[in-house]
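What follows is one structure encoded as structure tokens, with my remarks underneath.
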Amino acid sequence: MIRAVQVSQVNAPLRVVDVPEPSPGEGEVRIAVEACGMCGTDISMVRGAFGVGPFPLTLGHEVAGRIDMLGDGIVGWQIGDRVAVGWFGGNDGTCQSCREGDAINCVNLQVPGLAYPGGYAESTVVPTSALARIPEELTFADAAPMGCAGVTVFNALRRTSAWPGDLVAVLGLGGLGHLAVQFADKMGFDTVVINRGGKKEATARQLGAHHYLDSTAQDVPEALKALGGAKVILATVPQPAAMTTAIDGLRPHGELIVIGFSLEKIEVSPAQLITGQKTLRGHASGTSQEVEETMRFAAQSGVRAITEQASLEDAPQAFDKMLAGAMRFRGVLIPDRSQNAVP
């Protein structure tokens with residue numbers, strides 16, 4: 001038996017329970033979880049935004065640990081390998097998106113926590129297509145948030161039209177935003193943080209922001225225009241109204257990239273997009289290969305998530321803290337047996 005967190009039904013509280021230890025099937029490995037990040041999308045899962053099929057569910061799609069059992073037919077992986085698993089938890093390899101090399105948009109994408117029990121547990125079983133190798137420079141707690149938050153902002157930034165020196169604005173300074181600021185700075189962008197209130201300005205500048213805009217005290221579009229206009233605005237918070245406001249701060253051919261998940265609508269007129277030929281688009285997470293690339297860049301550049309760690313046994317309280325918006329940037333759950341583990 002192992003300890004795991006379960007949610008019995010939509011909007012039910014988290015409970016830490018004993019469940020049978022899983023065993024890997026063909027093409028799968030078992031991971032002894034050493035750290036698991038807590039993502040805002042976990043809240044959406046609990047609220048039923050992805051349907052009721054996964055219930056009872058075990059959350060967790062920012063997993064870091066060691067392989068401790070191999071299923072049949074495994075090549076290239078060994079017991080003891082340090083691995084991470086993110087939002088991309090496997091793909092079918094046969095749909096049109098996969099055949100075109102676009103596995104993150106697989107029609108049968110497997111997301112840990114939805115397709116199979118996630119990392120809010122002492123161990124989990126995953127397909128080998130989900131595995132990303134962790135560089136030795138990163139601890140498990142460093143690596144876990146890179147599987148979703150890290151790869152999402154890293155991929156979004158490197159796939160824009162921005163070049164080093166261009167003005168890039170990060171909307172929101174939370175779990176995604178604090179990593180986006182660091183990656184943007186290390187990529188050489190003239191980085192702006194847009195956030196409500198001034199309490200986080202000092203932190204934003206420490207993370208690499210060159211400019212800080214308080215959306216409660218400044219006209220954000222006009223402030224961005226005064227800086228020359230943003231080549232890219234990366235919207236990391238699930239607040240469509242803030243995204244709507246920011247659009248007019250783009251320079252000609254600027255892009256508003258949306259990664260903050262919300263079911264509410266962004267309001268934009270055709271005139272806003274046609275004038276200046278601006279672009280509005282969404283961006284998903286990244287494949288296991290892209291998680292590896294994200295971690296390598298983080299290891300080389302010094303980008304690290306600021307985490308608040310809690311024991312797996314304290315997951316319900318940590319989840320409530322995330323719900324209240326009181327978690328400092330990224331919550332990470334640590335199974336009790338891992339408290340004294342060597343990274």
Side-chain angles (χ1 to χ4, degrees), residues 2 4-5 21-39 41-42 45 50 53-54 57-95 97-135 138 140-152 154-155 283-296 298 332-333 335:
I2 62 168
V5 178
E21 186 170 38
S23 296
E26 184 174 359
E28 299 177 332
V29 302
R30 188 175 70 196
I31 300 173
V33 178
E34 302 288 352
C36 186
M38 305 178 70
C39 177
T41 312
D42 294 340
M45 292 182 187
F50 297 90
L57 61 80
T58 295
L59 300 163
H61 58 269
E62 291 187 344
V63 186
R66 289 187 173 91
I67 295 175
D68 74 349
M69 183 178 286
L70 303 175
D72 292 336
I74 302 301
V75 177
W77 300 96
Q78 299 179 351
I79 291 175
D81 283 350
R82 302 170 75 244
V83 294
V85 178
W87 179 263
F88 179 87
N91 62 305
D92 63 22
T94 60
C95 71
S97 291
C98 288
R99 287 166 60 85
E100 292 175 348
D102 187 23
I104 192 61
N105 288 310
C106 173
V107 295
N108 295 305
L109 180 70
Q110 294 177 278
V111 178
L114 295 177
Y116 51 79
Y120 284 26
E122 290 181 326
S123 66
T124 186
V125 167
V126 307
T128 55
S129 59
L131 298 174
R133 297 185 187 277
I134 300 175
L138 301 185
F140 290 116
D142 290 334
M146 296 297 168
C148 181
V151 69
T152 299
F154 179 68
N155 263 356
H283 177 80
S285 183
T287 65
S288 53
Q289 175 61 33
E290 290 163 339
V291 173
E292 279 195 18
E293 293 165 1
T294 301
M295 290 192 291
R296 281 203 301 268
V332 174
L333 297 177

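Since the structure is predicted, the reported quantities are computational estimates derived from the model, not experimental observations.
- Taken from CG in Asn155 to CD in Glu290, the straight-line distance is 4.0 Å, to the nearest 0.5 Å.
- In this structure Gln110 satisfies the side chain to side chain contact (heavy atoms under 4.5 Å, CB included) test together with Ala115, Tyr116, Pro127, sequence neighbours excluded.
- Here the NE2 atom belonging to His283 is positioned 8.0 Å from the CD1 atom belonging to Ile104, to the nearest 0.5 angstrom.
- In plain terms, the two heavy atoms of Pro54 and Gly113 that are nearest each other are CB-O, 4.0 Å.
- Residue Thr94 comes nearest to Cys98 through the heavy atom pair N-CB, 4.0 Å, listed as atom of the first residue, atom of the second, then distance.
- Among residues two or more places apart in sequence or in another chain, the side chain to side chain contact (heavy atoms under 4.5 Å, CB included) test is passed with Asp68 by Arg30, Ala32.
- Rounded to the nearest 0.5 Å, atoms CD (Glu28) and CH2 (Trp77) are 14.5 Å apart.
- Side-chain contact between Met45 and Leu59: present, with at least one pair of heavy atoms (C-beta onward) separated by less than 4.5 Å.
- In this structure, Arg296 has no side chain to side chain donor-acceptor pair (under 3.5 Å) partners at least two apart in sequence or on a different chain.
- Residues forming a side chain to side chain contact (heavy atoms under 4.5 Å, CB included) with Ala64 (at least two apart in sequence, or on another chain): Ile134, Phe140, Ala143, Ala144.
- In this structure, Met295 CE and Met146 CE are separated by 9.0 Å, a value rounded to the nearest 0.5 Å.
- None of Val33, Ile31, Val291 except one satisfies the side chain to side chain contact (heavy atoms under 4.5 Å, CB included) rule with Val85; the exception is Ile31.
- Here the closest non-hydrogen pair linking Cys148 and Thr152 is O-OG1, 2.6 Å.
- Pairing each heavy atom of Tyr120 with each of Cys36, the nearest pair is CD1-SG, 3.8 Å.
- With values rounded to the nearest 0.5 angstrom, Leu333 atom CG is found 10.5 Å from Glu62 atom CD.
- Contact annotation: the side chain of Pro24 never approaches that of Leu70 to less than 4.5 Å [non-hydrogen atoms, C-beta and beyond].
- No donor-acceptor pair closer than 3.5 Å links the side chain of Arg66 to the backbone N or O of Glu34.
- Between Pro22 and Ser123, the closest heavy-atom pair is CD-OG, 3.6 Å.
- Ion pair Asp81/Arg133 flagged as a salt bridge, since at least one NZ, NE, NH1 or NH2 atom sits closer than 4.0 Å to an Asp/Glu carboxylate oxygen.
- For Thr124, there are no side chain to side chain donor-acceptor pair (under 3.5 Å) partners, not counting sequence neighbours.
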(request) Go through the steps for Val83 and Val126 under the test side-chain contact (heavy atoms from CB on, under 4.5 Å), then give the verdict. (result) CA-CA 11 Å; Val83 294; Val126 307; over 6 Å; no
(message) Walk me through whether Thr41 and Phe50 qualify under side-chain contact (heavy atoms from CB on, under 4.5 Å).
(response) CA-CA 10 Å; Thr41 312; Phe50 297 90; 3.7 Å; yes
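- With sequence neighbours excluded, no residue satisfies salt bridge (charged side-chain N to carboxylate O under 4.0 Å, His left out) with Asp42.
- The ring-ring contact (aromatic ring centres under 6.0 Å, His included) search around Phe88 returns none, not counting sequence neighbours.
- One N or O on the side chain of Ser288 and one on the backbone of Ser129 form a donor-acceptor pair closer than 3.5 Å.
- Taking 4.5 Å as the limit, every side-chain heavy atom of Met69 sits out of range of all side-chain heavy atoms of Val29.
- The two residues Gly147 and Ser285 come nearest to each other via the heavy atoms O-OG, 4.1 Å.
- Applying the side chain to side chain donor-acceptor pair (under 3.5 Å) test to Asn91 and every residue at least two apart in sequence or in another chain returns nothing.
- Residues satisfying the side chain to side chain donor-acceptor pair (under 3.5 Å) criterion with Glu21, sequence neighbours excluded, are absent altogether.
- Partners of Asp102 according to the salt bridge (charged side-chain N to carboxylate O under 4.0 Å, His left out) rule, which considers only residues two or more places apart in sequence or in another chain, do not exist here.
- Although no hydrogens or angles enter the test, the distance criterion places a donor-acceptor pair under 3.5 Å between the side chain of Thr58 and the main chain of Val5.
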